[in-house]
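First comes the structure, then the notes that go with it.
Below, read A as the first sequence line, B as the second, and so on, with proteins coming before strands; counting in each chain starts at 1.
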Amino acid sequence: MRGAKWSNAMSHFRISGADSSLPRSYYLKATVDAARALLGHILVHESPEGTTGGIIVETEAYLSQDDPGCHASIGRTRRNDPMFGPPGYAYVYGIHRCACLNLVTAPEGVPEAVLIRALEPVTGIELMQQRRGLLRLKDLCSGPGKLTQALGVTLALNRADLTVQPLYVGAAAVTAGPVVATTRIGLRPEKGADLPLRYYFADNPYVSRR
DNA sequence: CACTCGATGTTCT
DNA sequence: GAACATCGAGTGG
């Protein structure tokens, strides 16, 4: 399980005709490919308290400086710096009381990342329930802040190397199904809210919202 | 240093 | 569907 990780997910990329509403330029972006390819793979965090993980069922792509929704659209800063680094590292940022986990995708110098928005709970469910303070599986990891809390992912894992650190992407699970592309969540209208860069399994009950 | 604002979640009505 | 809790980063003095 430990050997699969990032390169495994990247190698599963296939261009799908379902993206025909995207501008042509976005087809060329590896991050869009990664956002789709990561669906169905398992995300695992091995912490001293125990191992937790789930199947990635919802992602969002954030595309460099041309994307007004991307943190890097304002240029390189202390916060978004990890996005400029080489791919395969974590970009974790805080919003309100939550941590949001991104996987850096593009080559060094190109600030792109995939936000992990929801997991289908698989491993360490009891520990995740304990961390979240609730029992219902549907609510454990159905949001970017929820899943980091469930997995015990904090800002301490910012810049973590996903091929070395105890946080990693495993092999694809058997579950799959049709993928839906919609607009991203939580962006103000002028921040690229109209771009269909959110992907999720159409019939999966663990996505953050319909 | 003081202010503003979220790629959010929970708890209300 | 709306209010709000809450904190690190960004921005402008």
Nearest-Å distance for atom pair NZ/P, residues A:Lys146 and B:dT8: 11 Å
Per-nt protein contacts along nucleotides 4-11 of chain C (heavy atom under 4.0 Å; B base, S backbone sugar-phosphate only, - none) come out as -BBB-SSS
Does A:Tyr200 have A:Arg209 sitting over its ring (NZ/CZ under 6.0 Å from centre, angle to axis within 45°)? no
Take atom CD of A:Glu112 and atom P of B:dA7, then tell me their distance rounded to the nearest Å. 18 Å
Regarding A:Gly69, tell me which of base, sugar-phosphate or nothing describes its non-hydrogen contacts under 4.0 Å with the strands shown. base
Opposite nucleotide pairing with C:dA3, Watson-Crick or G-U, both atom distances under 3.5 Å: B:dT10
Distance check needed: B:dG9 P versus A:Leu101 CG, whole Å only. 13 Å
Which is true for A:Arg132 with a 4.0 Å heavy-atom rule: it touches a base, it touches only sugar-phosphate, or it touches nothing? sugar-phosphate
CG/A:Leu43 to OG1/A:Thr123 distance, rounded to the nearest 0.5 angstrom? 10.5 Å
Does a side-chain N or O of A:Arg117 approach OP1 or OP2 of B:dA7 to a distance below 4.0 Å, or not? no
Please state how far atom CZ in A:Arg209 lies from atom P in B:dT8, giving the value in whole angstrom units. 10 Å
In whole angstroms, how far is the C1' atom of B:dG9 from the CG atom of A:Leu147? 13 Å
Could you tell me whether the side-chain ring of A:Tyr93 sits stacked on the base of B:dA7, using a centroid cut-off under 5.5 Å and a plane angle under 30°? no
Using a 4.0 Å heavy-atom cut-off, does A:Lys191 contact any base of the nucleic acid, only the sugar-phosphate backbone, or nothing at all? nothing
For A:Tyr199 and B:dA7, give me the distance from atom OH to atom P, rounded to whole Å. 19 Å
Roughly how many Å is it from CG in A:Leu187 to P in B:dG6, rounded to a whole number? 10 Å
Is the closest side-chain heavy-atom distance between A:Glu46 and A:Tyr168 below 4.5 Å? yes
So does A:Arg159 pair up with A:Asp81, basic N to acidic O under 4.0 Å? yes
Result for side chain to side chain contact (heavy atoms under 4.5 Å, CB included) between A:Thr59 and one of A:Val114, A:Val179, A:Leu115 points to A:Val114
Can you give me the closest heavy-atom contact between A:Arg79 and A:Gly94, atom names plus distance? NH1-O, 4.4 Å
Is a side-chain donor or acceptor of A:Ser73 paired with a backbone partner of A:Gly69 at a separation under 3.5 angstrom? no
Compare the minimum distances between each of B:dG6, B:dG9, B:dA7 and the side chain of A:Tyr91, then state the nucleotide with the smallest one. B:dA7
Using a 4.0 Å heavy-atom cut-off, does A:Ile185 contact any base of the nucleic acid, only the sugar-phosphate backbone, or nothing at all? sugar-phosphate
